[in-house]
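One structure is given here, and the rest of the page talks about it.
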Amino acid sequence: MPERSIHDPNQASADLADSLLSLLRTLPQQPCHHARHTLALLQQLGQLLRTPDSAAPALPAGLHPGWQQPLRHKALQAWQIWRQQSRAWLEGLQLAEAERERLALLGRLLGDSLSPHNSPLNPELAQAWSNGPCAPLRQGLQRLRQDLLLDRPLPPLNDEDAFQVGRDLATCPGQVVARTSRYELIQYQASTPQVRQHPLLIIPPPLNRYYLLDLTPDTSLIRYALEQGIQVFVISWRNPNPSHCDWGLPDYAAIAAEALEVCRQISASSKVSLLGICAGGLVTRQLLQLLSSRDALEQLASLSFWVTPQNPEHPSDLTRLAGPASRRQLRRTVWRQGCLTPRQLCSAFAWLRPGQLVWPQAMQRYLQGQSTRPDPVLFWNQDSTRLPAQLVDDLLGWLESGTENQPAIPAQIPSWHLGAEQDHIVPWRQSLPEPTADATFVLCRGGHIQGLISPPGRPRAGYRLGPVSTTIDRWEQASSAHEGSWWPAWCQWLHDHSGPYQPSPATPGSSQHPALAPAPGRYVHLL
């Protein structure tokens, strides 16, 4: 395993174990603070018990009506009081801010796990047991046994047969126009009489399958871009195995450079626009460095980065939990295995949001004996790939290196950056880049995944848009708020940098790069 020096100015307090030790040290240092908040919690709970049921506040919107039952309602209120008092207690502790943020995250995870929603008080469980608990529990035990035999670390988000890729998901018409041992390149069939001259190449994250942008016809960004007259290509990464442990960021960037050249040849265009998503944006940044070394940056018409980490100095939930000791252990594990497995990857992300991705599925599957409701996003979320050991090492190195060693975004290329307000994987401040001459930053509503799926007409959609500034405050002052989907704004920006209209190609591919197979191709199914 290659050695790497860790650049971390807060290394002494960067691990969760260190933060817990710091918390224990506050017991003799701030005894009055601990006693005051313990008494306040007991007083609030006592007042709750004395409050008549008729004086209880109304249920929050969206909750099952069964929570109105007095015992359930009081349990829910007690849990909320405990969480509020815990936050106030933590705020008053004499801790470094990084340690406080790490302990606050641990408190949120613990609070999600102790929620009454995950207990026998849940009215949905009572409804499932209305004819007796025996049948649901028997079915739940059968599902639990099946999951244990399949070595699943967590209950599945969706049944594996809930959808079929190519039939229910990823149905946009297209063809595989290039295939190597590392990737497939898909070109989609134009759906308008004319298209813009410069095509769009989408570089998805190597962590998941590409079809997040083509889930269903109603939520497919690829289909929407085609309807706006954009030529669309997308890379479908091969799912690596342990023998590919040496694939790193430079290798993925070289693959992207190869796909870029195929796009130029098929479209007969001198320039291509790039869209990098999440870790695919880091591959794009590496590609920029490669093209710069070849003096080939003029091949790029524009750059788009969606929920891409641009500044590792802004912490995320992942970086708060993954201190130096955790990262060293992860490196040892992946180099011993040759890769990070899909189950390890899914588990890591699921435990960042157990109230959404662990406990509801466990309750429904094991205690209620029911299948989880089919959901295209959750199905895609669990359709993860392996990550080569070198790529994991490189991504960890990016977290550790700070901004000084990051490939810069060329000032002469227009760029469009997207962050999501509730993104817990790439907090939106982390996706704000360094200012360049022609850079736009957009902050949309939603989270890391749901923020991307924003077709026109989606309820409660909205965004802020403005030029990238030197500080977040300046960007907020210069930006403007908009209701509705951000897709039209991005497509209009892309139109402005995609050249003139020309007749649409009759079919995907060319004589040099003939169509090999219909989309979604072969690699999206490779286990």
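- Listed by chain and residue number, Ile266, Gln512, His513 satisfy the side-chain contact (heavy atoms from CB on, under 4.5 Å) test with Ser510 (two or more places apart in sequence, or in another chain).
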Review item, side-chain donor-acceptor pairs of residues 520-527, under 3.5 Å, at least two apart:
unit_1, atom_1, unit_2, atom_2, d
Tyr523, OH, Thr180, O, 2.5

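- The CD atom of Glu298 sits 9.0 Å away from atom OG of Ser270, with the distance rounded to the nearest 0.5 Å.
- No donor-acceptor pair closer than 3.5 Å links the side chain of Ser220 to the backbone N or O of Pro217.
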Side-chain donor-acceptor pairs under 3.5 Å in residues 193-205, sequence neighbours left out?
unit_1, atom_1, unit_2, atom_2, d
Arg196, NE, His495, ND1, 2.8
Arg196, NH1, Gly499, O, 2.9
His198, ND1, Ser269, OG, 2.8

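- When atom types are taken as modelled, the side chain of Asn208 and the backbone of Thr385 share no donor-acceptor pair closer than 3.5 angstrom.
- For Glu97 and Arg100, the salt-bridge test passes: some basic side-chain N is under 4.0 Å from an acidic carboxylate O.
- Between the Asp394 side chain and the Leu249 main chain, a donor and an acceptor come within less than 3.5 Å of each other.
- Screening residues 498-508 for side-chain hydrogen bond (donor to acceptor under 3.5 Å, both in side chains), with sequence neighbours left out, gives no hits.
- No donor-acceptor distance shorter than 3.5 angstrom exists from the side chain of Arg458 to the backbone of Ser485, with no hydrogens or angles considered.
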Acceptor/donor pairs from residues 464-472 side chains to any protein atom, 3.5 angstrom cut, sequence neighbours excluded:
unit_1, atom_1, unit_2, atom_2, d
Arg464, NE, Ser479, OG, 3.0
Arg464, NH2, Glu476, O, 3.4
Arg464, NH2, Ser479, O, 3.1
Arg464, NH2, Ser479, OG, 3.2
Ser469, OG, Pro467, O, 3.4
Thr470, OG1, Arg474, NH1, 2.9
Thr471, OG1, Arg474, N, 3.1

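- A donor-acceptor distance shorter than 3.5 angstrom exists from the side chain of Arg327 to the backbone of Ala322, with no hydrogens or angles considered.
- Counting heavy atoms from C-beta outward, Gln344 and Thr333 have side chains that approach closer than 4.5 Å.
- You'll find the side chain of Leu185 reaches within 4.5 Å of the side chain of Ile235, heavy atoms only.
- Expressed to the nearest 0.5 Å, how far CG of Leu330 lies from CG of Leu395 amounts to 10.0 Å.
- Nearest heavy-atom pair, Thr436 versus Ala411, reported as atom, atom and distance to 0.1 Å: CB-CA, 4.2 Å.
- Counting only heavy atoms from C-beta outward, the side chains of Val377 and Leu157 never approach each other to under 4.5 Å.
- Between Trp247 and His244, the angle of the ring planes stays under 30°, which puts this pair in the parallel group of the 30/60° scheme.
- Partners of Arg167 under the side-chain hydrogen bond (donor to acceptor under 3.5 Å, both in side chains) rule, at least two apart in sequence or in another chain, are Gln164.
- The structure places CG of Asp214 at 9.5 Å from CG of Leu221, a figure rounded to the nearest 0.5 Å.
- Annotation: side chain of Leu494 is not in contact with side chain of Leu275 (no heavy-atom distance under 4.5 Å).
- Legend: salt bridge (Lys or Arg N to Asp or Glu O under 4.0 Å) pairs involving residues 378-391, not counting sequence neighbours, sorted by first then second residue: Arg209-Asp383.
- Annotation: side-chain contact (heavy atoms from CB on, under 4.5 Å) contacts of Arg294 (sequence neighbours excluded): Ala257, Leu290, Ala296.
- A donor-acceptor contact shorter than 3.5 Å links the side chain of Asn158 to the backbone of Asp375.
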Could you walk me through whether Tyr188 and Val234 pass the side-chain contact (heavy atoms from CB on, under 4.5 Å) check? CA-CA 8 Å; Tyr188 288 94; Val234 65; 3.5 Å; yes
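- The salt bridge (charged side-chain N to carboxylate O under 4.0 Å, His left out) check on Asp218 picks up nothing, with sequence neighbours excluded.
- Put simply, the side chain of Asp159 never gets that close to the backbone of Ala162: no donor and acceptor are under 3.5 Å apart.
- Proximity of a side-chain donor or acceptor of Gln361 to a complementary backbone N or O of Val358 within less than 3.5 Å is detected.
- Pairs engaging residues 437-446 under the side-chain hydrogen bond (donor to acceptor under 3.5 Å, both in side chains) rule: Arg445-Glu483 [sequence neighbours left out].
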Tell me, with the steps shown, if His417 and Ser431 meet side-chain contact (heavy atoms from CB on, under 4.5 Å). CA-CA 7 Å; His417 306 261; Ser431 57; over 6 Å; no
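- Screening residues 268-298 for ring pair (Phe, Tyr, Trp, His ring centres under 6.0 Å) gives no qualifying pairs among residues at least two apart or on separate chains.
- Between Leu387 and Val334 the shortest side-chain heavy-atom distance does not fall below 4.5 Å.
- For the pair Glu99 (side chain) and Ser19 (backbone), a donor-acceptor distance under 3.5 Å is absent.
- Annotation: the span from Gln289 atom CD to Leu297 atom CG amounts to 11.0 Å, rounded to 0.5 Å.
- Side-chain contact check for Pro433 versus Phe305: every heavy-atom pair is 4.5 Å or farther apart.
- Between Trp475 and Phe441, the two ring planes are perpendicular [angle over 60°; tilted spans 30° to 60°].
- A donor and an acceptor atom, one from each side chain of Gln477 and Asp473, are nowhere located under 3.5 Å apart.
- The line from OG of Ser273 to CG of Leu303 is 8.0 Å long, rounded to the nearest 0.5 Å.
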Show me the donor-acceptor pairs within less than 3.5 Å that the side chains of residues 347-355 make with the rest of the protein, sequence neighbours left out.
unit_1, atom_1, unit_2, atom_2, d
Ser347, OG, Arg343, O, 2.8
Arg353, NH1, Asp317, OD2, 3.4

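- Ring centroid separation for the pair Tyr252 and Trp237 comes in under the 6.0 Å cut-off.
- Rounding to the nearest 0.5 angstrom, the gap separating the CG atom in Leu260 from the CG atom in Leu274 is 6.0 Å.
- Judged by distance alone, with hydrogens and angles left aside, the side-chain atoms of Glu258 form no donor-acceptor pair with the main-chain N or O of Ala253 at under 3.5 Å.
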